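Letters A, B, ... mirror the listed sequences (proteins, then strands); counts begin at 1. The structure displayed is predicted, hence computed values, not measured ones.
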Protein chains: 2
Amino acid sequence: MSGYELAKLFDGELRNVWTAKHSQIYPELARLLDDGLIRQSASGPRRRRTYSITAAGKAALRAWLIESEPDRSYRHEAMLRVLFLWLLEPGQAEAYLRQEEEFHRAQLAVLKEVQRIRPSGPAQRAQHLAREWGLRLEKALADWSAWARKRIADGYLDSPD
Amino acid sequence: MSGYELAKLFDGELRNVWTAKHSQIYPELARLLDDGLIRQSASGPRRRRTYSITAAGKAALRAWLIESEPDRSYRHEAMLRVLFLWLLEPGQAEAYLRQEEEFHRAQLAVLKEVQRIRPSGPAQRAQHLAREWGLRLEKALADWSAWARKRIADGYLDSPD
DNA sequence: AGATGCATGTAAATAGTTACATGATTCA
DNA sequence: TGAATCATGTAACTATTTACATGCATCT
C-alpha cells in the first residue's frame, strides 16, 4: 500500500480501530523502510510508491503480538462529551445525541456495503473480522444514542435530586 | 476530585471513554487552576487537594460542546492487533481472542455492579448514561471475541484462496 | 484552462507516556 | 517495622496534530 492509501484507510473503514494522518504516515514509512521492516514494491504516477512487508517486518509484528499485552484503554471523544451534557439545555443534549445516532447509522450503512465483498487472502480475512467488529460497534453506538436521547427527553438529566 | 482520584477513575470505569496518567493530570490541573477554570475545594492528608469546576470552567465546557464537532475516530490497540492475527498460528490467534473475551466479560461484571448504584445529581446521571455505553461496549466486545475465535477455529484465516 | 483529487513531504506545536523521585499514612 | 497504598511532582522522550508547502494527473 502507499502512504496515501493508508491515510484513506485510516480515515475510512479503520476509523474505529486506528487512525493516523499523512504527516505521521510518511515519516513512519521512511523509518520502517530504513529498518528493513517494509520494502518498496511498486511506483506509479505522481511519485506514488507502494510498500509491502518484509520477513523481518512480519517477525517484528509477531514478536509484538506475542510478547506484549494489549492496551485495552480507549479514547472516545464523542463519549467524553456525554459526561458534560448536563451543562447544556436538554434540547441541546438531545440534538447532540440525534446527530451521533445519524452519524453512526450512516457509518453502519457504509460498512455493510464494504462487508459484502468477499475477502481474499489471510490479511484481507483478518480485516474482515475487524470490520465485523466495526459493524457491531456502529450499531451499538447508534442504538445507545437513541436510548440516551429518549432518557434525556424524559427529563433524566434535569430532574432534581 | 483530586488528581489521584481522577487517575483511578480514568484507569477504571472511564477506561473506555478517556484515559490519562497522573503525569498528565497534575500539570493539567495546575494549568486549569491557573486559568481559573477550576478551584481548589478541599485539602486532606498527604497533600491531598480536591478541585471543583468554576462558572468559567462550565462556560468553557459549554463552548467546547457547542462550538466544535466531536472527533469520532477511535484508537483501539486490541483491535489493531486483530489485523495481524493471520501472522500467528491459529491456536495462538484463538488464545488471544479467548483472553480478550475473558477480559471483557470480567469488565462487564464490574460495570454491572457499579451501575446498580443510583446516581444523584446531574453530573452523576450523565456519567450513568456513559457507563451504560461502557456496559454495551464490553458485552459487544466479548460477544465479538467469541464469534471471531470460533471462525478462526473453523479455519477461516488459514484456508487458501 | 481551471478545478479536483492524487500524492508526498516537513516544521512547529501540543499531547501523552515512561521513568525518575519523594514522602505520608495505614494496616498487618 | 515493613509493605502497601495514597498522593503529588517533574524531565525526557515519543507520538500526534496542525499548518505550511509543492507538484502532477485527470476530468470538464
(Q) Quick check with a 6.0 Å cut-off and a 45 degree axis cone: is B:Arg72 positioned over the face of A:Phe103's six-membered ring? (A) yes
Q: Tell me, please, whether B:Trp144 has B:Arg149 positioned over its six-membered ring: NZ or CZ under 6.0 Å from the ring centre and within 45 degrees of its axis?
A: no
Q) Among D:dG9, C:dT8, D:dG23, which nucleotide sits nearest the side chain of B:His22? A) D:dG9
Q) A:Ser23 has a side chain; which of C:dT18, D:dT8, D:dT18 sits nearest to it? A) D:dT18
Q: Show your reasoning for whether salt bridge (charged side-chain N to carboxylate O under 4.0 Å, His left out) applies to B:Glu28 and B:Arg31.
A: CA-CA 5 Å; B:Glu28 190 64 20; B:Arg31 211 214 67 195; 3.3 Å; yes
Distance check: side-chain N/O of [X] vs OP1/OP2 of [N], anything under 4.0 Å?
X	N	answer
B:Tyr26	D:dG9	no
B:Tyr4	D:dC6	yes
A:Lys8	C:dC6	yes
A:Gln24	D:dT16	yes
B:Arg75	C:dA15	no
B:Arg31	C:dT14	no
B:Arg47	D:dA7	no

[X] [atom1] to [N] [atom2]: how many Å, rounded?
X	N	atom1	atom2	result
A:Gln40	C:dT8	CD	C1'	13 Å
B:Glu77	D:dT16	CD	C1'	16 Å
B:Asp11	D:dT5	CG	P	14 Å
B:Arg48	D:dG9	CZ	C1'	17 Å
A:Lys21	C:dA7	NZ	C1'	17 Å
A:Phe10	D:dT17	CZ	C1'	15 Å
A:Ile25	C:dA7	CD1	P	13 Å
B:Glu28	D:dG9	CD	P	13 Å

Q: For residues B:Met79 and B:Leu141, report the shortest heavy-atom separation together with the two atoms involved.
A: CE-CD1, 3.9 Å
Q | Most 5' of B:Thr50 and B:Ser73 on DNA chain D, judged by nearest nucleotide | A | B:Thr50
Q) Below 3.5 Å, does any donor atom in the side chain of A:Ser2 face an acceptor in the base of C:dT8, or the other way round? A) no
Q: Take the angle between the ring planes of B:His76 and A:Trp133 and call it parallel below 30°, perpendicular above 60°, tilted in between.
A: perpendicular
Q | A:Arg46 vs A:Pro27, nearer the 5' end of DNA chain C by closest nucleotide | A | A:Arg46
